[in-house]
Protein chains: 2
Amino acid sequence: MADVAKEAGVDKATVSRVLRGDPRISSKTREKVWEVIKRLEYKPNALARGLSERKSGLISVEVEEQQFSGLNRFLKGINRIMATVNKEPIIYVADDFEASFLRSRFVAHKVEGIIWVGSPPPDVDFPLIAVGETIDKHVSIVPFWEDLAQMIIKLADGRRIVFAGDTKPNRTLKVKLKGYKGKGKNSLWVCDGTLPKGIGRLINSNYEIDQDSGFKEEYFRKGDMLLLFDERDFAKAMGGYCIHFPCFEMGVLAAKLLVNILRHRDVPFKNLVRFSIE
Amino acid sequence: MADVAKEAGVDKATVSRVLRGDPRISSKTREKVWEVIKRLEYKPNALARGLSERKSGLISVEVEEQQFSGLNRFLKGINRIMATVNKEPIIYVADDFEASFLRSRFVAHKVEGIIWVGSPPPDVDFPLIAVGETIDKHVSIVPFWEDLAQMIIKLADGRRIVFAGDTKPNRTLKVKLKGYKGKGKNSLWVCDGTLPKGIGRLINSNYEIDQDSGFKEEYFRKGDMLLLFDERDFAKAMGGYCIHFPCFEMGVLAAKLLVNILRHRDVPFKNLVRFSIE
DNA sequence: TTGTACGCGTTATCAT
DNA sequence: ATGATAACGCGTACAA
């Protein structure tokens, strides 16, 4: 910065002001300084800026979920927003880190806010967006499971409903679907644990196995409505439907909400994100 | 830090030395200082430290892959190592960021090194680990596709081989498998694009469809060997095999290699990671 | 509109 | 073995 200042024949403070878009700087000076900045390929030092401003420009993303196949889309959504406001996300996959350990890292790096996927600890004193579950104490983003259930029931039109894949449907969805009565003998099957576990249990149960297809008869029968999360082409290949889990949208929303909180704006407390079925 | 120093009756410099484990400090002083640090819940400021040391303790993880369902495991592997050496990963999902934009962020935040998933730009001047493909110019981590091909061929024992799911097998694997001749009419099918696209193409082809199971006949026949990446229980439910993509191991390895590079140690240039089949 | 000077919280270099 | 002090690079009152 000192180099730029000297080269442009102004003071460091002026360079700083130009950089920060201070309106008091004359356009002549501003243009001159920008010219030098570009010519010298000067990049401000985020550490020094952070030290001076007492904030780092870093936000933290905590991910507890073991199975989160849409994580890259979620992060992409976050980045899309953060890149426009000069904030950098730090990501942890936190399942095995304890809260106190994480906290000390937040403090050390002067993290400005947190996006927490899963259920955040109750006593965090950082700006926090909770993603996935409604937490009374925090602004939260929740997939609109009730709406998904309605869509599925309508689409099923009496068929038995079968899920496949490793994405874990929420409890709300399962409860909703439990109320559904189809036409078949077993009008509905939804596993009661995570899906992989549920499937494992089925395999070990005493249903007959269709040796011809290599496919478990009790798992997927003729006439069933098969549902997969996010594997669009695979689902179609199997004659089923794909539920689009709105990970990208959730990332975008989480980032926007956090930015607004950091700017002391009011934000809606509970935010629902819609699924779509294809 | 000044508070701690005053409270412990020593100088700031001494506190700093205690914190950094300087061996010249007497054990009496050390214990006293640690006591005060804990009592006051003092946490060092990473920004100030970084400013002074001219490095941030930040490393960057770039992810180009659109489909990377093991990203959370990969990041967990990275974190596992980084947490032991006081380095924090910043993650970008970078498919839509241009190199110059990323570079300026690296510079601004004094990023110490980069883990790049995909094919990194040729002219980066940061310590860099390339993950997924062998890049002559960089230390790289590559899944051992050749080995996987051997395992599959041995396990198939003449059966036709069919992949499913959204994970994209590497070109090497496909080339290797092309050399394989099984017993069936079509001894082998591997799609020639990404898998989802390949599946989509099959659906639109003129094969017959098995209406009984709702399953496409041409996609998966009796006697075929079905392979899925990482969906263990689902694969088993379908009577197939699960290929374990070693994402966690790759994350751990990437982090270890990068740390060693930052410590100016020699590291192997090409690193293979083994699959396992279950 | 721009310059001066101090503070931000560490580490590192001299001293002692 | 420890203390005093100068960087580190930037933002910002306060002055001019």
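Quick note on labels: first sequence line is chain A, next is B, and so on, each numbered from 1.
Among the protein residues, Asp11(A) comes within range of the nucleic acid bases, having at least one heavy atom under 4.0 Å from a base atom. Looking at heavy-atom distances under 4.0 Å, Thr14(B) makes contact with sugar-phosphate atoms alone, never a base. Note on Lys43(B): only backbone sugar-phosphate atoms sit closer than 4.0 angstrom, heavy atoms only; bases stay farther off. Heavy atoms of Leu51(B) sit under 4.0 angstrom from at least one base atom.
The phosphate of dT2(C) (OP1 or OP2) has a side-chain N or O of Ser26(A) nearer than 4.0 angstrom. Applying the 4.0 Å criterion to OP1 and OP2 of dT10(C), one finds that Arg17(B) has every side-chain N and O outside that range. Side-chain N/O atoms of Arg24(A) include none lying less than 4.0 angstrom from OP1 or OP2 on dT1(C). Distances shorter than 4.0 Å separate some side-chain N or O of Thr29(A) from OP1 or OP2 on dT2(C). Not one side-chain nitrogen or oxygen of Arg49(B) sits closer than 4.0 Å to the OP1 or OP2 atom of dG9(C). Put simply, Arg54(B) has no side-chain N or O that comes within less than 4.0 Å of OP1 or OP2 on dA7(D).
Checking Lys12(A) against Arg30(A), the closest nucleotide of DNA chain C that is more toward the 5' end is the one next to Arg30(A). The 5' end of DNA chain D is approached more closely, in terms of each residue's nearest nucleotide, by Ser27(B) than by the other of Ser27(B) and Leu19(A).
In this structure, NZ of Lys55(B) is placed 22 Å from P of dA7(D), rounded to the nearest angstrom. Counting to the nearest Å, the C1' atom of dG9(D) and the CD1 atom of Ile37(A) are 14 Å from each other. Distance His109(A) NE2 to dG9(C) P: 16 Å, rounded to the nearest Å. The distance from atom CG of Leu47(A) to atom C1' of dC10(D) is 11 Å, rounded to the nearest whole Å. Counting to the nearest Å, the C1' atom of dA5(C) and the CE atom of Met1(A) are 15 Å from each other. Between the NZ atom of Lys6(A) and the P atom of dG9(D) there is a distance of 14 Å, given to the nearest Å. With rounding to whole Å, Asn45(B) atom CG is found 13 Å from dC8(D) atom C1'.
For a distance-only test at 3.5 Å, the side chain of Ser52(A) qualifies as a donor-acceptor partner of the base of dG7(C).
Shown here for Leu262(B) and Glu112(B), the closest heavy-atom pair between the two residues is CD2-O, 3.3 Å. Taking all atoms of both residues into account, the shortest heavy-atom contact from Phe269(A) to His138(A) is CE2-O, 3.5 Å.
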(request) Report the C-alpha distance between Glu41(A) and Arg103(B) in whole Å, list the side-chain angles of each, state the deciding distance to 0.1 Å, and finish with yes or no for salt bridge (charged side-chain N to carboxylate O under 4.0 Å, His left out). (result) CA-CA 12 Å; Glu41(A) 295 186 5; Arg103(B) 214 198 103 82; 5.6 Å; no

(request) Show the numbers, then the answer: is there a salt bridge (charged side-chain N to carboxylate O under 4.0 Å, His left out) between Arg24(A) and Asp22(A)? (result) CA-CA 6 Å; Arg24(A) 298 173 306 182; Asp22(A) 192 312; 3.1 Å; yes

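Of the candidates dC10(D), dG11(D), dT10(C), dT10(C) carries the atom nearest the Ala48(B) side chain, counting heavy atoms from C-beta on. Closest to the side chain of Tyr42(B), out of dC10(D), dT10(C), dT12(D), is dT10(C).
Using a 4.5 Å heavy-atom threshold, the side chains of Phe245(A) and Phe275(A) count as touching.
For Lys256(A), the NZ atom counts as loosely surrounded, since its 6.0 Å shell holds 12 or fewer non-hydrogen atoms of other residues, nucleotides or ligands.
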